[in-house]
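Take a look at the structure below.
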Amino acid sequence: MKHSDPPEKENTNNSSDTNFIRQAIEEDLKANRYDGRVHTRFPPEPSGYLHIGHAKAICISFGIAEDFGGLYNLRFDDSNPLTEESEYVEGIKRDVRWLGFDWKAREYHASDYFETLCEYAVKLIEKGKAYVCDLTPEEMRSYRGTLVEAGKDSPYRDRSIEESLTLFRGMRDGEFPDGSRTLRAKIDMSSPNLNMRDPVMYRILRAHHYRQGDDWCIYPTYDFTHGQSDSIEGVTHSLCDVQFEDHRPLYDWFLEELEIYQPRQIEFARLNLTYTVLGKRKLKVLVEEGHVSGWDDPRLPTLSGMRRRGYTPEAIRDFCNRIGVSKADNLIEMGQLEYSIRDDLNRRAPRVMAVLNPVKVIIDNYPEGQVEMLDAENNPEDENAGTRQIPFSREIYIEREDFMEDPPRKFFRLAPGREVRLKHAYYIQCERVVKDENGEIVEIHCTYDPETRGGWSEDGRRVRGTLHWVSDEHALDAEVRLYDSLFTEREPESTADGADWMQFLNPNSLEILSDCKVEPSLVEATPENRYQFLRMGYFCLDPDTSSEKLVFNRTVPLRDSWAKIQRGQK
RNA sequence: AGGGCGGUGGCCAAGCGGUAAGGCACAGGUCUUUGGAACCUGCAUGCGUAGGUUCGAAUCCUACCCGCCCUGCCA
């Protein structure tokens, strides 16, 4: 792989082209450190689904490789048979592919290196750098020492090489019970870096591995697997979370003692997002305890949830580019993510009309039984999007909140005596309202001006408000699901009083509107299509849709300066 | 308390000894057949604090303060 040109800038509004990792790689290239190669990897454990934090990591590792004309691997770090399943590897692959990355044939599994890893272990034993230890887990913990006190050498530490070799073979051959012995690296029990205090390399564990079946009863630990896997794959730059900074000396120690190829590890800060949680274990709790409907619940920051909600891969990648890369702790505001999805969908999503909280409008002077087909542009941001025809008739629905009997100043919508424009249709003026016995408005009677077809008048009359609407007779019924943040706290995991994050679950994170009216063109909607419901936000069809019922998810509302004005008036 | 890593506006983030980029948010305004979008303007005499070096410091030095991570046979 020959490197020549600096990374291309695909977006000038980001700092990704100058981040410290790219700088380090440029320097390595200049120094010809890896023969001009750039080869990265993304190493998930198949024990859960990917979330937006993983998307950041993927965009960094794969994005850098792409920009430098290098290669990238997708490797499953599957050294713990207790938590891993094929279902997750399939889910992860689907999500990475959806994000738009193609790892070609470079799909690897650390479990495929088990035999090699075993040979590595034997080599370290032979060098006197590893030993079989008979300490129980409790004993090992007490021998380890504390953050401030050195640990003590295990009584088995000076066992002969031959004995350790025999014992390790016995471990592998299933001669000892689970957990009875471990293979440990012989490093330094007094190291201030706890990872260097004779870490465990192998454990005895009779568990079925989703790929290796029952071939093994010993499994390597992550620390004895990860670095060597990168080495075996010829990875040049192992980009990871800052939490592994402390492990780097250990990985380097293994690689040096093993005398094998050594990649360069560079750490960056993981993503944190306001009003949600991103820990894999926490997401699992939410799913397993039924607080959400599944891993793809649209309220979750999982990629499958975001996909179902209507997020596009382009928006997610744009977001990842915009937030930058550094080592400092960060908490990105949800608004940043919303900006990226709105920016993308504004340009691409066709506009349609849908009334979420319908109230009937009767146009008294419109001929009964008449139907007109009106031209409507599909997307004012895209000249090539074309137009469609929408039916107009005497009885229509408008948004309940677009009418007020006694409106405040600055309310530019429908009210008694007021004239507004029906988008793509006519000007209408409110004449009177009909209420039911509870005082609820059931009908708004209006008159229309036939001279304003298309929503325009020759006389230069100015109309401030424009409403969306759907024709009663032609409308499709739909359910619309509105989402709010999953948590009520900006940082549910670290509030001032240290309360448990679960208590901040937002009870109103899902609002179901079951009596919505949408324009007829939406019969053709599929979950892949995203729409702007005019003035309401961006929506997409949910897979829960059946032949009886259309179901839409609100991806994100439009920015709403009217809501802001209202807030200011209160 | 030991080790590792951080601290630049409300949230991110450039900056690499020559006098604080950019984005999001926010505030005004223009325009508008979406109260959307777009466009314009404003938004750090200041870079955790205190000293020092220098003609010149966010950048170098010293001390201190604060935050995060590390005591699984999880990854």
Side-chain angles (χ1 to χ4, degrees), chain A residues 11-16 18-19 23 43-45 47 77-80 82-84 133 135-137 140-142 144-151 178-184 191-197 199-205 218-219 221-223 225-226 241-249 267 269 274 280-281 321-340 342-343 346-347 351 353 377 380-381 410-413 421-425 427 454-456 463-468 532-537 557-565:
Chain A
N11 182 341
T12 53
N13 285 335
N14 69 68
S15 55
S16 299
T18 57
N19 73 53
Q23 287 178 19
E45 186 199 19
S47 62
D77 268 345
D78 51 0
S79 54
N80 180 7
L82 266 17
T83 56
E84 297 151 6
C133 180
L135 254 26
T136 64
M140 200 180 291
R141 195 178 314 125
S142 81
R144 186 158 33 232
T146 69
L147 293 179
V148 288
E149 300 160 27
D178 284 8
S180 60
R181 294 178 215 268
T182 56
L183 179 69
R184 295 225 262 164
S191 172
N193 181 348
L194 297 257
N195 295 120
M196 302 299 270
R197 319 245 262 226
V200 171
M201 297 160 58
Y202 268 94
R203 44 194 145 139
I204 304 173
L205 181 61
I218 57 170
Y219 288 93
T221 57
Y222 173 83
D223 278 339
T225 305
H226 183 79
D241 195 306
V242 287
Q243 74 172 119
F244 295 108
E245 217 151 2
D246 287 346
H247 296 242
R248 189 175 51 200
E267 308 84 6
T274 57
K280 186 155 72 178
R281 291 166 188 77
N321 282 332
R322 283 172 185 279
I323 58 176
V325 182
S326 77
K327 297 185 72 163
D329 290 336
N330 62 80
L331 210 217
I332 309 292
E333 291 176 342
M334 212 35 113
Q336 189 79 236
L337 225 198
E338 293 178 345
Y339 175 85
S340 288
R342 286 193 187 109
D343 187 50
N346 175 51
R347 272 173 292 184
R351 272 61 170 170
M353 295 200 284
E377 77 187 327
E381 303 292 319
K410 288 189 178 173
F411 181 83
F412 305 142
R413 307 179 186 182
R421 169 169 40 239
L422 292 177
K423 180 77 177 176
H424 305 307
Y427 292 176
W456 198 250
V463 172
R464 252 341 261 278
T466 301
L467 310 188
H468 59 278
Q532 185 193 108
F533 286 4
L534 222 62
R535 304 205 302 137
M536 301 307 287
L558 252 30
R559 289 187 68 221
D560 186 353
S561 52
W562 168 238
K564 203 171 291 177
I565 291 168

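Computation of the quantities below employed the complete heavy-atom set of this structure, encompassing side-chain atoms and omitting hydrogens, waters and symmetry-equivalent molecules. Residue numbers start from 1 in every chain, and the chains themselves are labelled A, B, ... in the order their sequence lines are given, proteins ahead of strands. No experiment lies behind these values; they were computed from the predicted model shown.
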Select one nucleotide: of [options], the one nearest the side-chain heavy atoms of [X].
{"X": "R559(A)", "options": "rA37(B), rC74(B), rC12(B)", "result": "rA37(B)"}
{"X": "A328(A)", "options": "rA13(B), rG4(B), rG35(B)", "result": "rA13(B)"}
{"X": "K327(A)", "options": "rA75(B), rC11(B), rC5(B)", "result": "rC5(B)"}
{"X": "E333(A)", "options": "rG36(B), rC24(B), rC12(B)", "result": "rC24(B)"}
{"X": "D329(A)", "options": "rA75(B), rG35(B), rC68(B)", "result": "rC68(B)"}
{"X": "D77(A)", "options": "rC74(B), rA75(B), rU34(B)", "result": "rA75(B)"}
{"X": "P137(A)", "options": "rA75(B), rC70(B), rC73(B)", "result": "rC73(B)"}
{"X": "V148(A)", "options": "rG2(B), rG35(B), rC11(B)", "result": "rG2(B)"}
{"X": "T182(A)", "options": "rC11(B), rC73(B), rU34(B)", "result": "rC73(B)"}
{"X": "K564(A)", "options": "rA75(B), rU34(B), rC26(B)", "result": "rC26(B)"}

Determine yes or no for a side-chain-to-main-chain donor-acceptor pair under 3.5 angstrom, with [X] supplying the side chain and [Y] the backbone.
{"X": "D246(A)", "Y": "N193(A)", "value": "no"}
{"X": "Q23(A)", "Y": "T18(A)", "value": "yes"}
{"X": "E84(A)", "Y": "N80(A)", "value": "yes"}
{"X": "R342(A)", "Y": "P557(A)", "value": "yes"}
{"X": "R197(A)", "Y": "S191(A)", "value": "yes"}

With respect to the phosphate group of [N], does any side-chain polar atom (N or O) of [X] fall under 4.0 Å of OP1 or OP2?
{"X": "R144(A)", "N": "rC73(B)", "answer": "yes"}
{"X": "R464(A)", "N": "rU32(B)", "answer": "no"}
{"X": "T18(A)", "N": "rA13(B)", "answer": "no"}
{"X": "R203(A)", "N": "rC74(B)", "answer": "yes"}
{"X": "Q243(A)", "N": "rC74(B)", "answer": "no"}
{"X": "Y339(A)", "N": "rC24(B)", "answer": "yes"}
{"X": "T221(A)", "N": "rC73(B)", "answer": "no"}
{"X": "S561(A)", "N": "rG36(B)", "answer": "yes"}

To the closest 0.5 Å, what do you measure between [atom1] ([X]) and [atom2] ([Y])?
{"X": "D223(A)", "Y": "M196(A)", "atom1": "CG", "atom2": "CE", "value": "10.5 Å"}
{"X": "R322(A)", "Y": "D343(A)", "atom1": "CZ", "atom2": "CG", "value": "6.0 Å"}
{"X": "Q336(A)", "Y": "E338(A)", "atom1": "CD", "atom2": "CD", "value": "10.5 Å"}

For atom [atom1] of [X] and atom [atom2] of [N], their distance in whole Å:
{"X": "L534(A)", "N": "rG35(B)", "atom1": "CG", "atom2": "C1'", "value": "12 Å"}
{"X": "F412(A)", "N": "rU34(B)", "atom1": "CZ", "atom2": "C1'", "value": "14 Å"}
{"X": "L183(A)", "N": "rG72(B)", "atom1": "CG", "atom2": "C1'", "value": "17 Å"}
{"X": "N321(A)", "N": "rA14(B)", "atom1": "CG", "atom2": "C1'", "value": "15 Å"}
{"X": "E45(A)", "N": "rC74(B)", "atom1": "CD", "atom2": "C1'", "value": "7 Å"}
{"X": "F244(A)", "N": "rC68(B)", "atom1": "CZ", "atom2": "C1'", "value": "15 Å"}
{"X": "L194(A)", "N": "rG2(B)", "atom1": "CG", "atom2": "C1'", "value": "9 Å"}
{"X": "R141(A)", "N": "rC74(B)", "atom1": "CZ", "atom2": "C1'", "value": "14 Å"}

Which residue lies more 5' along RNA chain B, comparing K423(A) with S326(A) via nearest heavy atoms = S326(A)

ask   = Between P380(A) and P44(A), which is nearer to the 5' end of RNA chain B once each is assigned its nearest nucleotide?
value = P380(A)

message = As a test of the definition: with a 90° window around 0 for syn, would you call rG51(B) syn or anti?
response = anti

Go ahead and name the base partner of [N]; Watson-Crick or wobble counts if both distances stay under 3.5 Å, otherwise write none.
{"N": "rG2(B)", "result": "rC70(B)"}
{"N": "rG36(B)", "result": "none"}
{"N": "rC64(B)", "result": "rG48(B)"}
{"N": "rA27(B)", "result": "rU41(B)"}

ask   = With a 4.5 Å limit on heavy-atom distance, are the side chains of S180(A) and I204(A) in contact?
value = yes

May I ask you to say what [X] touches in the nucleic acid, namely base, sugar-phosphate or nothing, with a heavy-atom cut-off under 4.0 Å?
{"X": "L147(A)", "value": "base"}
{"X": "M140(A)", "value": "base"}
{"X": "S79(A)", "value": "sugar-phosphate"}
{"X": "H247(A)", "value": "base"}
{"X": "R351(A)", "value": "base"}
{"X": "F533(A)", "value": "nothing"}
{"X": "E377(A)", "value": "nothing"}
{"X": "Q532(A)", "value": "base"}
{"X": "I218(A)", "value": "nothing"}
{"X": "H424(A)", "value": "base"}
{"X": "N330(A)", "value": "sugar-phosphate"}

Classify the side chain of [X] and the base of [N] as holding, or not holding, a donor-acceptor pair under 3.5 Å.
{"X": "R281(A)", "N": "rC74(B)", "result": "yes"}
{"X": "E245(A)", "N": "rC69(B)", "result": "no"}
{"X": "R413(A)", "N": "rG35(B)", "result": "yes"}

[atom1] atom, [N] versus [M]: distance in rounded Å?
{"N": "rC73(B)", "M": "rC61(B)", "atom1": "C1'", "answer": "46 Å"}
{"N": "rG2(B)", "M": "rC60(B)", "atom1": "C1'", "answer": "28 Å"}
{"N": "rU8(B)", "M": "rU19(B)", "atom1": "C1'", "answer": "16 Å"}
{"N": "rU32(B)", "M": "rC26(B)", "atom1": "P", "answer": "24 Å"}

request  = Going by the side-chain contact (heavy atoms from CB on, under 4.5 Å) test, name the single residue among H468(A), E381(A), K423(A), R535(A) that passes it with R351(A).
outcome  = E381(A)

